[in-house]
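Notes follow once the structure below has been shown.
This is a predicted model, so every value here is computed, not measured. One is the number of the first residue; the rest follow in order along the sequence. Every number for a ligand or one of its atoms is a count from 1 in the order of the listing.
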Amino acid sequence: MSDDFDIIAIGSGHNGLVAAAYLAAAGKKVLVVERNAWFGGGVVTRELTVPGFLHDQHSMAHIFIQANPLLKNDELGLKSKFGLEYAFPELPMMSVFEDGQTLGVYRDREKTCAEIAKFSKQDAEAFRWLADKAAAYLPMILSSLFTAPTPLGAGYAMMDQSREGRELWRYMQMSTHDFLCDIFESDRVRMHFGRVAGENLVSPDEKSTAMGIFVFVGFLEAYGIGVPIGGSGKLTDALIACIESHGGEVRANTDVERVVVENGRAAGIATAEGIQIKANDAVIGAIHPHDIGTMVEGVPAEIIKDADSTQISETACITIHASLEQPLKFRAGDHVRAVMIELLPNEYKTMRKSFDNLRYGELSEYPLVGLGSLTMFDTSRVPEGKATMHVWDYVPYARADGQSWDDSKTAYAERMLAHMQKFISNVDDDNIIAYHCDSPIDMERTSSSFRQGDLHGIAATTYQYGAHRPTPDLGQNVVPGCDRLYLVGPFQHPGGGVFGAGRAAAMRACEDLGIDFDKIGAAG
Ligand SMILES: Cc1cc2nc3c(=O)[nH]c(=O)nc-3n(C[C@H](O)[C@H](O)[C@H](O)COP(=O)(O)OP(=O)(O)OC[C@H]3O[C@@H](n4cnc5c(N)ncnc54)[C@H](O)[C@@H]3O)c2cc1C
């Protein structure tokens, strides 16, 4: 073995970096290795089109991490010492319907109620009820979000103790659609909130998704959506600066082939180039469950079999990043200034049917286009007067028509842009300087977490959730059969998204290494 470290993290995604940063701050000698030539995985800002235009290639909205003590208490000094800064626009999300009507969800509840009342006064009152419930549930949800998950049985037993808990449990089992039909009468209001489920790559008709609405509303009102000044990658930059300030190292172009296991314990890594690097204390691994069998020896066969069987979503993501001569001009008016903007049909059933198409490997009849043009809130990303847009849509990874995404992505991107012209007057050759499209295949090429274009790594289904994510054996960030290996990734609890969930893996490692985790936080 050529080098000697206490801790090695495989992958420089934000979760690996978060875990590594806590351990570096605890005094460990840390190395983070990354396969790509750049750092950050899904939290990266790059000049994807032309020089001077910064694009968030994957994540752009930092929502859940705002409640993480990592940022909330600035445990590692990312904000106070390492330059991380956010804007919190007052309008996090807006739906724009094809006929030009709009519906926004504000941080301010009264403003949201006024928006909903445009469609139904009764629904505005129902939203008040929903938002009250969401605020009441939020502390319970937060209590298990940034630590290793509570065992499912214990979690259900706890919910069973109170009426409120049983009610929450009931919503956890309902589909978003059933829930929305229960509380809202307006088709538009139902569609608007139904689209929120879609952001998790599931149809609103999917069972056990209704809870997502409470989580979304609770977070939006309490924290808003964070827009990182300078781009999503500023979080990655701050984490790297933190690691380096504690004497750690972050290396690019280093592809890890396997974890070196000695006497049932992770002892280092072996790279694809045949180099071994020793880790005296632990290895942190962004290892997709489908790769556990090939990357880690000594794991019992039935555990590998279950990991191999984890289900990936049928709905994959395709994105366009464009540099623009001028900001977007929405036909609905200049008030469309939200972080996330959903372009929706006039009828809810059209949106539901589009999700149905995807189940069968078909392209959705009506594109499910969402977009962000974050230069609305942060002009530091572009030359003066210019803008960017980040557009997403959902497609099947394996197309029923047999076409490969490498051959067909440009045609699909053109379809998305043509569709957008119904809503925006200047999505055309005059305004688009250049664009970059990532198909589901490109997505998985940028990070092995985004397998088959599933931005959550594995599907966000009930049986792959909480302590059972990705499987009941691997749900606690540890790997039976290989001590001192700690898993991080969107395929672990609490799932895909910028959560800073590597904090839970660091807590696990600290427990085993006899480090008082709370003291790291206090040290800042
Ligand atoms: C298009 C898209 C849009 C998204 N938008 C949002 C959003 O707006 N808000 C939000 O909250 N979330 C969003 N997400 C999800 C979010 O980006 C991810 O859930 C999150 O970034 C996952 O972080 P991670 O650190 O767990 O994994 P990753 O970011 O995937 O990092 C894993 C890293 O490990 C490296 N790696 C893996 N294996 C090896 C190996 N063997 N050797 C060396 N390196 C290795 C990979 O190259 C990668 O850099 C989006 C995702 C996508 C794809």
Under 3.5 Å between any N/O of Val256 and any N/O of ligand 1: does that happen in this structure?
yes
For ligand 1, find out whether one of its N or O atoms is nearer than 3.5 Å to an N or O atom of Val498.
yes
Return yes if a side-chain donor-acceptor contact under 3.5 Å exists between [X] and [Y], otherwise no.
X	Y	answer
Thr209	Thr176	yes
His321	Thr49	no
Gln476	Arg508	yes

Minimum distance, heavy atoms only, to [atom]: which one of [options] is it?
atom	options	answer
atom 19 (O) of ligand 1	Gly42, Gly497, Gly495	Gly497
atom 32 (C) of ligand 1	Gly500, Gly11, Gly285, Ser447	Ser447
atom 44 (N) of ligand 1	Gln57, Arg35, Met340	Arg35
atom 48 (C) of ligand 1	Glu199, His14, Glu34	Glu34

Residue part near ligand 1, for [X], under 4.0 Å between non-hydrogen atoms:
X	result
His62	neither
Leu455	both
Ser59	both
Ile65	neither

side-chain contact (heavy atoms from CB on, under 4.5 Å) against Glu47, all qualifying residues, sequence neighbours excluded:
Pro51, Leu54
Can you list everything that forms a side-chain hydrogen bond (donor to acceptor under 3.5 Å, both in side chains) with Ser373? Sequence neighbours excluded, please.
none
Applying ring-ring contact (aromatic ring centres under 6.0 Å, His included), run through Tyr86 and His62 and close with a yes or a no.
CA-CA 9 Å; Tyr86 285 98; His62 292 190; 5.6 Å; yes
